[in-house]
2 protein chains.
Amino acid sequence: MNNLAHDHNNRRMELVLAAASLFRDLGYERTTVRDLGNAVGLQSGSLFYHFRSKEEILVAVMALGITRTTEQLEAALSCADNPRDKLAALFRVHLNSLLGENQAALEVMLYEWRSVSAAARPGLVVLRDRYEALWQTVLDEAAAAGLVGSDTRLLRRTLLGSLHWTVQWFHPEGEMDVDRLADRMLALLLREEPSSTC
Amino acid sequence: MNNLAHDHNNRRMELVLAAASLFRDLGYERTTVRDLGNAVGLQSGSLFYHFRSKEEILVAVMALGITRTTEQLEAALSCADNPRDKLAALFRVHLNSLLGENQAALEVMLYEWRSVSAAARPGLVVLRDRYEALWQTVLDEAAAAGLVGSDTRLLRRTLLGSLHWTVQWFHPEGEMDVDRLADRMLALLLREEPSSTC
DNA sequence: GTCTATATCAAGATAGAC
DNA sequence: GTCTATCTTGATATAGAC
């Protein structure tokens, strides 16, 4: 059983979700085990029955963020049957995972790498590479269809950077919702005027 | 005199530069005042003759990163006389400031916001906004010239996100140098095949 | 301006009762 | 499985000599 991603223990999952929010809001280093305990109604010492260390919680948060997003992207791609719709799925799934309600885990995955020990990194890199491989496939198909240029590896990194950065400025309570943002960013890529709502 | 950005004290500047590298490599929270002292050959206590707190060092690093980059962009733009060259200057200056030799300060500015106290943020926001205003002006001119689409505010955020993210994957020792990267990223935007070297 | 020495505090983690 | 209590460490910052 894949301990990184799947976890059928309710208490553990509850803790991981609470940790995701705290790590996102305060940063991993500034979040204390006492904060984590408070968030789920436990004393700080009790956390260590469920996790060996604070870092193990971080790794669990990150793994959850990236595997969930990957699963959602796979599901969305299987419903799309042309390159244009697949491109749209990339943007929508990624932004909803990053900016949607209670979706802190992916953001932690993106911005807390420095706190992950060398020992824990390879497992997370595998998960991240799997996600990015989906992106690469879709972009290559789009390039073959003439929708985007042929420099798809750089394009992948460029687009993912653009999307990742949205957490720094986008506020869901604003005038624009997440799906609308996805449409507008896709329109920038394709040089279309953004469509009304599809 | 603007204490945030300009500093005519040599010792202070030496410290800020060393701190920039450490904060980038280890992260602000994981860098200790002992690390900072070691880097410049001082005992940790001696730092507090030059700075009131560790956070004051962080703010100085960030202010240096963004003001230097702004100055370099202003200089580059004043040498460019058409929208296309001004666009190219945006990319080149930003990437060289972010990825060039001993250019850690801007990266710290981008990735350590969470460690800046509410009291210190407004001063930095002013500096950042000044930089982004330069970007906005250039993009608006480019849109007027038909080089890019008209959604320039979103485009600005999208492009800056792409550039900021390069620190996560670009390695200057690789086959591609920073100016070449800038050209290729500009080519993506303009949908050109990247030119050889200009 | 830099040193030595240390005050002060909070962090992650553990032990053993329940 | 969770609690209370605490161990141990390492952090920022200060005081006062030089």
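Chain naming here is simple, since letters A, B, ... match the order of the sequence lines and numbering starts at 1 in each.
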Look at the side chain of A/T32 and decide which nucleotide, out of C/dG12, C/dT2, D/dA13, has an atom nearest to it.
C/dG12

Send over the distance from A/L47 CG to C/dA13 P, rounded to a whole Å.
10 Å

Round to the nearest Å and state the distance from B/E56 atom CD to D/dT12 atom P.
15 Å

Write down the distance between CZ (A/F51) and C1' (D/dT2), rounded to a whole number of angstrom.
16 Å

For B/R191, look at atom CZ and say whether over 12 heavy atoms of other residues, nucleotides or ligands are found less than 6.0 Å away.
yes

Of C/dA13, D/dA13, D/dC3, the nucleotide closest to the side chain of A/L42 is D/dC3

May I ask you to establish whether B/K54 and B/F48 are in a cation-pi arrangement, using a distance under 6.0 Å from NZ or CZ to the six-membered ring centre and at most 45° from the ring axis?
no

In whole Å, what is the span from the NZ atom of A/K54 to the P atom of C/dA10?
15 Å

Show the numbers, then the answer: is there a side chain to side chain donor-acceptor pair (under 3.5 Å) between A/D85 and A/N82?
CA-CA 6 Å; A/D85 289 350; A/N82 63 73; 2.9 Å; yes

Which part of the nucleic acid, if any, lies within contact of B/S46, taking any heavy atom under 4.0 Å across all strands shown: a base, the sugar-phosphate backbone alone, or nothing?
base

Whole-Å gap separating C1' (C/dG12) and CZ (A/F23):
12 Å

In this structure, which one of A/W113, A/F23, A/Y111 forms a ring-ring contact (aromatic ring centres under 6.0 Å, His included) with A/Y28?
A/F23

Are any of A/R34's side-chain N or O atoms less than 4.0 Å away from OP1 or OP2 of C/dA10?
no

Please report the distance, rounded to the nearest Å, between CD in B/Q43 and P in D/dT14.
17 Å

Base C/dG12 to side chain A/R52, donor-acceptor N/O within 3.5 Å cut-off
no

Taking distance alone, no hydrogens or angles, what donor-acceptor pairs closer than 3.5 Å link side-chain atoms of residues 152-162 of chain B to residues at least two apart or in another chain?
| from | atom 1 | to | atom 2 | distance (Å) |
| --- | --- | --- | --- | --- |
| B/T152 | OG1 | B/Q136 | NE2 | 3.1 |
| B/T152 | OG1 | B/D140 | OD1 | 2.7 |
| B/R156 | NH1 | B/Q136 | OE1 | 2.6 |
| B/T158 | OG1 | B/L154 | O | 2.8 |
| B/S162 | OG | A/T158 | O | 3.0 |
| B/S162 | OG | A/S162 | OG | 2.7 |
| B/S162 | OG | B/T158 | O | 3.1 |

A/F48 atom CZ is separated from D/dA5 atom P, nearest whole Å, by 18 Å

To the side chain of B/Y49, which of D/dA13, C/dT2, C/dA13 is closest?
C/dT2

Categorize A/R11 for me: base, sugar-phosphate, or nothing, with a 4.0 angstrom heavy-atom threshold over every strand shown.
sugar-phosphate

Rounded to whole angstroms, how far apart are CD1 on B/I57 and P on D/dA11?
15 Å

